[in-house]
Structures are given as structure tokens and as C-alpha cells.
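All remarks here apply to the structure that follows.
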Amino acid sequence: MENEKLEFFKLDEIDRKVLLWLLAHVPQKSVTAWIDYIATEYRLSKSIHINADLLLAEMQDEILQKPDEL
């Protein structure tokens, strides 16, 4: 996996910042919905394939550290 680009780093700088902000401020369901949305947008508008499940797994440690507010 060292040679593979992490899904997180396929996002542009602003989207990485948005994702990190979301992780700190919104419930997990909202983060999951945003990841699904952004993966679709990247595929359709930029032809960049982002595996939403893999991106969510990469962020799982951050999500687990924050209790779900729902």
C-alpha cells in the first residue's frame, strides 16, 4: 500500500480541509454522505475515481474518536 496513493490525497486541498472540518464538527452520517457526494462529483466532473468506502476507512480512526451526535 505504500506505493498506492491514499484516497484522501486524491482530493484537492480545499476538499481535504472540508473533510477534516466535517470530521471535527458534524455527525458521522453527514461525513459519510459528503464522502459519497464528493466521490461522485470527482468521477463526473474531474474523471478521478475515489473509492468512497476506502476513503471512509482511511478516516475511520478520526470518526471513531468523535462520538456521534445523533
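- The distance from the CH2 atom of Trp34 to the CG atom of Leu56 is 12.0 Å, given to the nearest 0.5 Å.
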Distance-only check: which donor-acceptor pairs under 3.5 Å involve side-chain atoms of residues 13-24, not counting sequence neighbours?
| unit_1 | atom_1 | unit_2 | atom_2 | d |
| --- | --- | --- | --- | --- |
| Glu13 | OE2 | Lys17 | NZ | 3.4 |
| Asp15 | OD2 | Tyr42 | OH | 2.5 |
| Arg16 | NH1 | Leu11 | O | 2.6 |
| Trp21 | NE1 | His25 | ND1 | 3.2 |

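- Glu7 places no side-chain N or O within 3.5 Å of a backbone atom of Glu58 that could act as its donor or acceptor partner.
- In this structure, Phe9 is a member of the same hydrophobic cluster as Leu55, with clusters built from ILVMFWY side-chain heavy atoms closer than 4.5 Å.
- The shortest distance between side-chain heavy atoms of Gln28 and Met59 does not fall below 4.5 Å.
- Asp53 pairs by the salt bridge (charged side-chain N to carboxylate O under 4.0 Å, His left out) definition with nothing, not counting sequence neighbours.
- Between Ala52 and Ile35, the closest heavy-atom pair is O-CG2, 3.6 Å.
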